[in-house]
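The block underneath contains the structure these notes are about, expressed in structure tokens.
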There are 2 protein chains.
Amino acid sequence: MHADIDTTSHAIVRVARSHRAAAERLLRSSGLHAGQELLMMHLWDNGPQPQSALIELLGLDASTVTRAVQRLEQSGFVRRVRSETDRRAVIVQPTAAGQALRDQVSQAWKELEDLTLAGLTEPDRAELARLLALVERNLT
Amino acid sequence: MHADIDTTSHAIVRVARSHRAAAERLLRSSGLHAGQELLMMHLWDNGPQPQSALIELLGLDASTVTRAVQRLEQSGFVRRVRSETDRRAVIVQPTAAGQALRDQVSQAWKELEDLTLAGLTEPDRAELARLLALVERNLT
DNA sequence: GGCATTTACTTGGCCGTGCAAGCAATTGCC
DNA sequence: GGCAATTGCTTGCACGGCCAAGTAAATGCC
């Protein structure tokens, strides 16, 4: 039997791919791509932020965030402003169009969560959350 | 509080990223990139295959596999041969260099699995596998 | 003050991945 | 046989991500 196929690692890879695909599908109508919604959520929750804060919060590479923000600006969801107090820094703020996405994206995110966990009992969900947290700690 | 951060969806995204990063690190010395090892494993297990079979097995888009195979060929790990019986089809076969990676990659994959599951009891591991399978079914 | 170091971001390059469009060979069917 | 539909693959394009190298501003320290 194909030992490699039954590993948890492989399961993680497959789940990650399907999950991303589902996210992409649910976000399509909003105009966001999977990944961008997390950035926007941080802006909605915490207001305008320097990119450095987003990088920290999202745990992504600086270059990844730079380009994500560039694309969000291109799409009109975000504005980039040079900080007055630190002229290296860029402050990212949601535009009106960006703010307008909030409810729709929250809804899509909720649907994604529902889809992901469909059929799992409450204890199963808690267990999954616990185990994923352990795995995350292992890999970080 | 930031409700979105505590979702299982978000945990999946974070785990997937760390997991991929770990895979990339463990595979680095072999010359493979995360993702390519799964393709090679299928070749090692099942011998030369038409791309269509790899696409099916890996559950990836045809274009993704085309390019992965192109890069593996570029790296010298794989050879592409036009099928005699169906001249549309491309048969992918591991080269000697590709075969030579087998043990090293198996080892790396095992290390990845160990790292991922470190500290989890046997029942925890079984439970995680079960829950991931459920989630995967939900998302497919 | 002045220079080395650190910080904040950019850009180029590369990989995985998907969609859309397109080409060529094969198959299905009248 | 002959033409339509299907199959197998490729290419262009766009995203998320990462690393490495580079620029410019702010900080640290003598």
Side-chain angles (χ1 to χ4, degrees), chain A residues 12-28 30-40 49-75 77 80-92, chain B residues 12-28 30-40 49-75 77-78 80-92 139:
Chain A
I12 289 173
V13 170
R14 288 194 308 265
V15 165
R17 221 166 41 218
S18 322
H19 186 268
R20 184 178 202 85
E24 202 76 50
R25 183 161 42 77
L26 289 169
L27 288 170
R28 179 150 5 239
S30 73
L32 293 182
H33 289 271
Q36 301 183 333
E37 84 281 16
L38 298 177
L39 199 160
M40 291 304 296
Q49 310 241 331
Q51 267 186 211
S52 53
L54 293 172
I55 289 164
E56 172 77 21
L57 285 165
L58 296 168
L60 294 169
D61 190 83
S63 61
T64 298
V65 173
T66 289
R67 275 187 269 247
V69 169
Q70 285 171 345
R71 283 162 186 151
L72 285 170
E73 184 177 41
Q74 201 62 33
S75 305
F77 298 136
R80 296 148 41 88
V81 180
R82 209 89 217 176
S83 164
E84 283 304 321
T85 68
D86 182 342
R87 304 184 38 125
R88 295 168 302 178
V90 172
I91 309 293
V92 184
Chain B
I12 288 172
V13 170
R14 287 193 309 265
V15 165
R17 220 166 44 216
S18 323
H19 186 268
R20 183 179 203 86
E24 202 76 50
R25 183 161 42 76
L26 289 169
L27 289 170
R28 176 147 11 237
S30 73
L32 293 182
H33 290 271
Q36 301 183 333
E37 84 281 15
L38 298 177
L39 198 159
M40 292 304 297
Q49 310 241 332
Q51 267 187 210
S52 53
L54 293 172
I55 289 163
E56 172 76 20
L57 284 166
L58 296 168
L60 293 170
D61 190 84
S63 62
T64 299
V65 173
T66 290
R67 275 186 271 248
V69 169
Q70 286 171 345
R71 283 163 184 151
L72 285 169
E73 183 177 43
Q74 201 62 32
S75 305
F77 298 136
V78 127
R80 294 149 42 88
V81 180
R82 209 89 217 174
S83 163
E84 284 303 323
T85 67
D86 182 343
R87 304 184 36 124
R88 294 168 302 178
V90 172
I91 309 293
V92 184
L139 294 172

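The shown structure was predicted, so the numbers you read here are calculated from the model rather than taken from an experiment.
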Where each residue is assigned the nucleotide of DNA chain C containing its nearest heavy atom, which of B:H33 and B:T85 is assigned the position nearer the 5′ end?
B:H33
Nucleotide-resolved protein contact map, nucleotides 2-12 of chain D, B/S/- at heavy-atom distance under 4.0 Å
-----BSSBBB
Taking all atoms of both residues into account, what is the closest heavy-atom pair of A:Q51 and A:V92, and its distance?
CG-CG2, 3.7 Å
Atom CZ of B:R14 and atom P of D:dC18 are separated, to the nearest Å, by 14 Å
Just N and O in the side chain of B:R71: are any of them under 4.0 Å from OP1 or OP2 of C:dG16?
yes
A:R28 atom CZ is separated from C:dC19 atom P, nearest whole Å, by 7 Å
Would you say that B:L27 contacts B:Q36 through its side chain, given a criterion of any heavy-atom pair below 4.5 Å between the two side chains?
no
Whole angstrom is fine here: how far is it from CG in B:L32 over to P in C:dC15?
12 Å
Rounded distance (Å) that lies between atom P of C:dG18 and atom CG of A:L27
16 Å
Kindly say if B:R20 contacts the phosphate of D:dC18, meaning a side-chain N or O under 4.0 Å from OP1 or OP2.
no
Would you kindly give the CG-to-P distance between B:L54 and C:dT17, to the nearest whole Å?
13 Å
Roughly, in whole Å, what's the span from CG in B:L72 to P in C:dC14?
16 Å
Determine yes or no for a side-chain-to-main-chain donor-acceptor pair under 3.5 angstrom, with B:R80 supplying the side chain and B:I91 the backbone.
no
Report the distance from atom CZ of B:R28 to atom CD of B:E24, rounding to the nearest 0.5 Å.
6.5 Å
CG of B:L39 versus C1' of C:dG16: gap in Å, rounded?
12 Å
Nearest heavy-atom contact between B:L32 and B:E37 is CD1-CA, 4.0 Å
So what does B:A34 hit on the nucleic acid, given a heavy-atom distance under 4.0 Å: a base, only sugar-phosphate, or nothing?
sugar-phosphate
Using heavy atoms to find the nearest nucleotide of DNA chain D for A:L60 and A:R87 separately, return the residue whose nucleotide is more 5′.
A:L60
Does the side chain to side chain contact (heavy atoms under 4.5 Å, CB included) test come out yes or no for B:V78 and B:M40, once each step is laid out?
CA-CA 9 Å; B:V78 127; B:M40 292 304 297; 3.9 Å; yes
Please give me the minimum heavy-atom distance between B:L58 and A:R17, naming the atom from each residue.
O-NH2, 2.7 Å
Expressed as a whole number of angstroms, how long is the span from A:Q36:CD to D:dA14:C1'?
11 Å
